[in-house]
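One structure coming up, written as structure tokens, with questions to follow.
Predicted model only: the values in this text are computed from it and were never measured. Proteins come first, then strands; the chains are lettered A, B, ... in the order of their sequence lines, and each starts at number 1.
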Amino acid sequence: MSLSSICCGNFHLLRNSIGDTCSIRWLKYHSRLIYETFLSSRRHQSRPLSTTVLARSTRKGSKQSFSNSRHLHGKSVESSIEVFKQSELEQLKSLHCYNVEEEFSGVKTEWPATILVFDIETTGFSRREDRIIEFAVRDLMGGKNSTFQTLINPEKEVRNAYVHGISNSMLCRPDVPRFGELVPILLQYVWSRQMDGKPVLWVAHNGRSFDVPFLIFEFRRCKLEMPGDWLFVDTLPIARQLVDSDGSKLSSVSLKNLRERYNIPLTGSAHRAMQDVTTLCYVLQKLTFELKLTVPQLLEKSFQASDLPATRAEK
DNA sequence: GGCCCTCTTTAGGGCCTT
């Protein structure tokens, strides 16, 4: 299975899903029972959800005890949040690619994992001192409700609004959830996208050093562990494999530079989570195509939360 | 903080994330 064909398929679908975002109110309304099921399954299990043993069994395709709970509310969620302007949509449409193999064969691609590209905005760089204030994710499978985003009340002052434009007044509102309140909603979203017996592959730029540790610490503050079938891929070390036409390595592999390298238009404010997610989706497509990376190879590069030093001991 | 590179490895600077 070539990643290029899958990515082309992804972005064919992505074209149709931009602006099609889950309503957090809907998810909030339906997440309570799901969350209770999650907690219940944890109680019935004699080990945490994110143990290595459990994850290994998941990689082989076995089901986890909670994997079917998403079917309790398996109906589609409504869309209510407009993310992009029409002019911006037109720009992105110009980048769309077709899954040629799928178009000709008529056979649906067998996905080895649910691939979720995500990004966070935070109050700073310290995973211990700072908090997540925005979370956005896009399922590369595309389709209805393939994206999800929300602001998060960090319960502390935001002093870096000059970076992302997210101010205290935007976060200190009754309709903005704290991270602990978001967890059941996020789990509901992920389960609604996850395929039976297959892992979830989260993709982020510099995720290994930044996004994933932040998530781990937020889960830890809620006294929860991430599901064991959540795998992560960092696009930063992958991008470092790129070379220029003269064979030299790139001087910068920041998301901004990669976007400019691939002529990807900026469709909103940089340093807002969903904007960066959209950029990374296109960068991932171009990156894997250029490096001829397959999905299995991408999975081989994945890591688990428990693999990170930050999860093994407090520093 | 983790990773990479080099004027390196008994180290230090820069990148990348907000």
- Proximal nucleotide (of B/dC5, B/dT18, B/dC4) relative to the A/T122 side chain: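 My answer, after comparing the listed nucleotides, is B/dT18.
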- Message: Distance check needed: B/dT17 P versus A/E129 CD, whole Å only.
- Response: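 In whole Å, B/dT17 P lies 22 Å from A/E129 CD.
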- Task: Give the rounded distance in Å between these two atoms: CG of A/L236 and C1' of B/dG1.
- Result: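 Distance check: A/L236 CG to B/dG1 C1' gives 12 Å.
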- Kindly give the heavy-atom pair with the smallest separation between A/R272 and A/D119, and that separation in Å.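 A/R272 and A/D119 have their closest heavy atoms at O-OD2, 4.5 Å.
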- Query: Under the 3.5 Å rule, do the base of B/dT18 and the side chain of A/N160 count as making a donor-acceptor pair?
  - Reply: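 Present.
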- Task: Please answer whether the main-chain N or O of A/I185 pairs with a side-chain N or O of A/Q188 as donor and acceptor at a distance below 3.5 Å.
- Result: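 No, because the side chain of A/Q188 does not come within donor-acceptor range (under 3.5 Å) of the backbone of A/I185.
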- Closest nucleotide of DNA chain B for A/S209 versus for A/D276: which of these residues is on the 5' side?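 Whichever sits nearer the 5' end wins; that is A/S209.
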- Query: Starting at CH2 of A/W202 and ending at C1' of B/dT17, how long is that distance when rounded to a whole Å?
  - Reply: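 Between C1' of B/dT17 and CH2 of A/W202: 18 Å.
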- Item | C1' spacing across the pair B/dT9 / B/dC3, given as an integer number of angstrom |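 Rounded to whole Å, the distance is 16 Å.
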- Query: If we take the C1' atom in both B/dT17 and B/dC4, what is their distance in whole Å?
  - Reply: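 About 16 Å, rounded to a whole number of Å.
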- When all nucleic acid strands are considered with a 4.0 Å heavy-atom cut-off, which category describes A/T123: base, sugar-phosphate, or nothing?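 Nothing, no nucleic acid heavy atom in range.
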- Message: Nearest whole Å is fine: how far is B/dC15 P from A/F210 CZ?
- Response: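 Rounded to whole Å, this separation is 18 Å.
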- Distance below 4.0 Å between A/H271 side-chain N/O and B/dT18 OP1 or OP2: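 Yes.
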- Query: Choosing from B/dG2, B/dT18, B/dG1, which nucleotide comes nearest the side chain of A/R128?
  - Reply: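 The closest nucleotide is B/dG1.
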- Query: From B/dC16, B/dT18, B/dC3, pick the nucleotide closest to the side chain of A/R208?
  - Reply: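 My answer, after comparing the listed nucleotides, is B/dC3.
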- Item | Touch class at under 4.0 angstrom, heavy-atom based, for A/D211 against every strand present |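 Counting heavy atoms under 4.0 Å across all strands, no contact is made by A/D211.
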- Side chain of A/K249 only, please: which of B/dC5, B/dT18, B/dC3 is the nearest?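 The nucleotide sitting nearest to the side chain is B/dC5.
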- Message: Over all strands shown, is A/H205 touching base, sugar-phosphate only, or nothing at heavy-atom distances under 4.0 angstrom?
- Response: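 Sugar-phosphate, no base atom in range.
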- Message: Would you say A/I120 ends up clustered with A/L308 if hydrophobic residues are merged whenever their side chains have heavy atoms under 4.5 Å apart, either directly or through other cluster members?
- Response: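 Yes; A/I120 is reachable from A/L308 via cluster members.
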- Checking salt bridge (Lys or Arg N to Asp or Glu O under 4.0 Å) for the pair A/R261/A/E290: CA distance, chi angles, key distance, verdict? CA-CA 12 Å; A/R261 173 185 174 87; A/E290 184 172 349; 2.6 Å; yes
- Task: Please report, rounded to the nearest Å, how far the P atom of B/dC3 is from the CG atom of A/D307.
- Result: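 Those two atoms, CG and P, are 11 Å apart.
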- Message: Taking any heavy-atom pair under 4.0 Å as a contact, classify A/L255: base, sugar-phosphate, or nothing.
- Response: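 Touches sugar-phosphate only.
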- Answer yes or no: does atom NZ of A/K156 have more than 12 heavy-atom neighbours from other residues, nucleotides or ligands under 6.0 Å?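 Correct, the count exceeds 12.
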- Cationic tip of A/R208 within the cone over A/F232's six-membered ring, i.e. under 6.0 Å and within 45° of the normal?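 No, a cation-pi geometry is absent between A/R208 and A/F232.
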- Please measure how far the C1' atom in B/dT8 lies from the corresponding atom in B/dG13, and state the result in whole Å.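 So the two C1' atoms sit 12 Å from each other.
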- Please state how far atom CZ in A/F214 lies from atom C1' in B/dT18, giving the value in whole angstrom units.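 So the CZ-C1' distance, A/F214 to B/dT18, works out to 7 Å.
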- Whole-Å gap separating C1' (B/dT17) and CZ (A/F125):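 It works out to 6 Å between those atoms.
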- Message: Taking the C1' atom in each of B/dC7 and B/dA11, what is the distance between them to the nearest angstrom?
- Response: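 These two C1' atoms come out 11 Å apart once rounded.
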- Item | Nearest to side-chain heavy atoms of A/S254, which nucleotide of B/dG2, B/dT17, B/dT18 |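 Closest nucleotide to the A/S254 side chain: B/dT17.
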- Query: Expressed in angstrom and rounded to an integer, what is the separation of A/D234 atom CG from B/dC4 atom P?
  - Reply: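 So the two atoms are 10 Å apart, to the nearest Å.
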